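For reference, the structure is listed below as structure tokens.
Keep in mind it's a predicted model, so treat the numbers as computed, not measured.
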Amino acid sequence: AHVAFRVNDIPLQCNYFQGDRGFDAATDLPSCTFPARHRTSPIARFYYLGNSHAGHLSGLIEAIQNHQPIDQVVLFVGGVPVPTLPFDYYNTLERKEWKRMDLATQQNIVRHVLQQAKPGDTLVLSSSMGIFFGKGDISVYYEADRHHPYLQQWISSFDAFTREAADKGLKIILMLPTPHFQVMHVSHTTEHCNTGWFAPVMPPDCNLSVDRKVFRKGISEFETAARKLAASHSNLYIYDPFEVICPSDQNSCQTVRDGVVIYRDYHHLNNRGGALLYPSYVEFLKTNKLLRSTPISSAPPPVPVSGKA
């Protein structure tokens, strides 16, 4: 099933999963553009692409919509990163034909975006790369020794993708992985984890944790490869949300911050978690001259749950 992400109470409808439907730009794009309007040339456009980890930035996208003068388009395919992995990567799935359809949908989305994006636009790539390529104790789906050839293959594809984007005058932001945890019980989504008069105590299964050093080490090979690639491309930028979601003064990363749930499940941020990224992300955009410095609103930006970004 789809994971339901919302921006200012508007559901992100441009998500695709298990071959349920293909991408139709004419009908789909109006429901995935924030704010919903026809493009005007002076306004930069950010395209969020990837798997459901592009969708789990909904809290960040919401904060940007409320405070920054840019258009944002969100398109994602469950379980399929950008660039895509080869079909063989998914050979442990019992039903593979729908994955073949999802791969085709993601490739169609990428082709459309590369055709429609204008010079100066930014492609924000966010996928669960810690799950795809995590090693050791943080490996979730696949055996650790199987990921190596696919990582190098993906980096090679990403290199070509970045060059193509550069030829079109496009910039790319690659989101590094956020922490993920051991699988949470299916009933413990964000809605079930909140406390109130009807449930004054948060279920213990809602507060998952992972050793910070262990997780950071588990994604180090992917991060090193990505940063090495970025050093050779002037249009490629690396944003690290890990330091915000799991600050360096903590020994473990958790799904709950100061009594507030910041994850929807074991690997998706909820809108509170996404909003935590806003201050550091906007500073990152300004530092790299990816965003004009004057916001559209004088209202203060969201305050992180912990008061620390």
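- Panel note: side chain Asn235, backbone Thr162; a donor-acceptor pair is recorded below 3.5 Å.
- If you check the side chains of His268 and Ser52, you find a donor sitting under 3.5 Å from an acceptor.
- Atom-to-atom distance recorded for Leu49:CG and Cys14:SG is 11.5 Å, nearest 0.5 angstrom.
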Stepwise side-chain hydrogen bond (donor to acceptor under 3.5 Å, both in side chains) check, Ser280 with Tyr239
CA-CA 9 Å; Ser280 74; Tyr239 175 71; 2.5 Å; yes
- Query: So Lys171 and Asn288, side-chain contact (heavy atoms from CB on, under 4.5 Å) or not? Walk me through it.
  - Reply: CA-CA 11 Å; Lys171 300 176 181 179; Asn288 291 289; over 6 Å; no
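- The shortest side-chain heavy-atom distance between Leu285 and Phe46 falls under the 4.5 Å cut-off.
- The shortest non-hydrogen separation linking Lys99 to Gly79 is NZ-O, 3.7 Å.
- Within the 3.5 Å criterion, the main-chain N or O of Gly19 finds a donor-acceptor partner in the side chain of Asp102.
- A 4.5 Å side-chain heavy-atom check between Val110 and Leu123 finds every atom pair outside the cut-off.
- Side-chain atoms of Gln72 never come within 3.5 Å of backbone atoms of Ile64 as a donor-acceptor pair (strictly under, hydrogens ignored).
- Taking the six-membered ring wherever Trp is involved, the centroid distance between the rings of His53 and His267 falls below 6.0 Å.
- A salt bridge does not link Asp167 with Arg163: every distance from a Lys NZ or Arg NE/NH1/NH2 to an Asp or Glu carboxylate oxygen is 4.0 Å or more.
- Within the 4.5 Å cutoff, the side chain of Arg212 has heavy atoms near those of the Ser248 side chain.
- For the side chain to side chain contact (heavy atoms under 4.5 Å, CB included) with Leu269, the lone residue among Leu277, Thr255, Leu276 that qualifies is Leu277.
- Taking both residues in full, the closest heavy atoms of Gln68 and Val282 are given as NE2-CG1, 3.9 Å, listed atom of the first, atom of the second, then distance.
- In this structure, Gln106 contributes its side chain and Val80 its backbone to a donor-acceptor pair below 3.5 Å.
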task: Could you walk me through whether Thr33 and Arg45 pass side-chain contact (heavy atoms from CB on, under 4.5 Å), step by step?
output: CA-CA 10 Å; Thr33 303; Arg45 176 160 285 189; 3.8 Å; yes
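- By the 4.5 Å heavy-atom criterion applied to side chains, His233 and Phe158 are not counted as neighbours.
- Here the side chain of Asn270 pairs a donor or acceptor atom with the backbone of Val261 at under 3.5 angstrom.
- By the 4.0 Å N-to-carboxylate-O rule, Glu97 lies close enough to Arg100 to be salt-bridged with it.
- There is no path of hydrophobic side-chain contacts, each under 4.5 Å, that joins Leu103 to Met101.
- Of all the heavy atoms in Phe181 and Cys253, the pair that sits closest is CE2-O, 3.2 Å.
- Side-chain atoms of Val124 and Tyr281, non-hydrogen and from C-beta on, do get closer than 4.5 Å to each other.
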- Message: Does His112 form a side-chain contact (heavy atoms from CB on, under 4.5 Å) with Asn108? I'd like the steps, not just the answer.
- Response: CA-CA 6 Å; His112 174 82; Asn108 288 338; over 6 Å; no
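- For the pair Ser31 (side chain) and Asp28 (backbone), a donor-acceptor distance under 3.5 Å is present.
- Side-chain contact check for Pro83 versus Trp154: some heavy-atom pair is nearer than 4.5 Å.
- Residue Leu170 comes nearest to Ala117 through the heavy atom pair CD2-CB, 3.7 Å, listed as atom of the first residue, atom of the second, then distance.
- In this structure, the side chain of Thr224 does not engage the main chain of Glu221 through any donor-acceptor pair within 3.5 Å.
- To the nearest 0.5 Å, the span separating CG on Asp121 from NZ on Lys168 amounts to 12.0 Å.
- Using a 4.5 Å cut-off on side-chain heavy atoms (C-beta onward), Asp88 and Tyr150 make contact.
- Atoms OG and CD1, on Ser127 and Ile131 in that order, are 10.5 Å from each other to the nearest 0.5 Å.
- Distance alone, capped at 3.5 Å, places no donor-acceptor pair between the Ser156 side chain and the Gln153 backbone.
- No donor-acceptor distance shorter than 3.5 angstrom exists from the side chain of Asp240 to the backbone of Leu176, with no hydrogens or angles considered.
- Between the CZ atom in Phe161 and the CG atom in Leu229 there is a gap of 12.0 Å [rounded to 0.5 Å].
- Between Val82 and Val77, the closest side-chain pair of non-hydrogen atoms is not below 4.5 Å.
- The aromatic rings of Phe222 and Phe133 sit parallel, their planes meeting at an angle under 30°, below the 60° perpendicular limit.
- Annotation for Asn51 and Gly78: closest pair CB-C, 4.3 Å, computed over non-hydrogen atoms.
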- prompt: Hey, mind stepping through His67 and Tyr278 against side-chain contact (heavy atoms from CB on, under 4.5 Å) and telling me if it holds?
  reply: CA-CA 10 Å; His67 298 283; Tyr278 178 83; 3.1 Å; yes
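- Here the CG-OG1 distance, from Leu75 to Thr105, works out to 11.5 Å after rounding to the nearest 0.5 Å.
- If you take OG on Ser209 and CZ on Phe215, they are separated by 13.0 Å, rounding to the nearest 0.5 Å.
- Side-chain rings of Tyr263 and His56 stay apart, their centers remaining 6.0 Å or farther from each other.
- Proximity of a side-chain donor or acceptor of Tyr89 to a complementary backbone N or O of Phe132 within less than 3.5 Å is detected.
- Closest non-hydrogen pair, Met129 versus Pro81, comes out as SD-CB, 4.1 Å.
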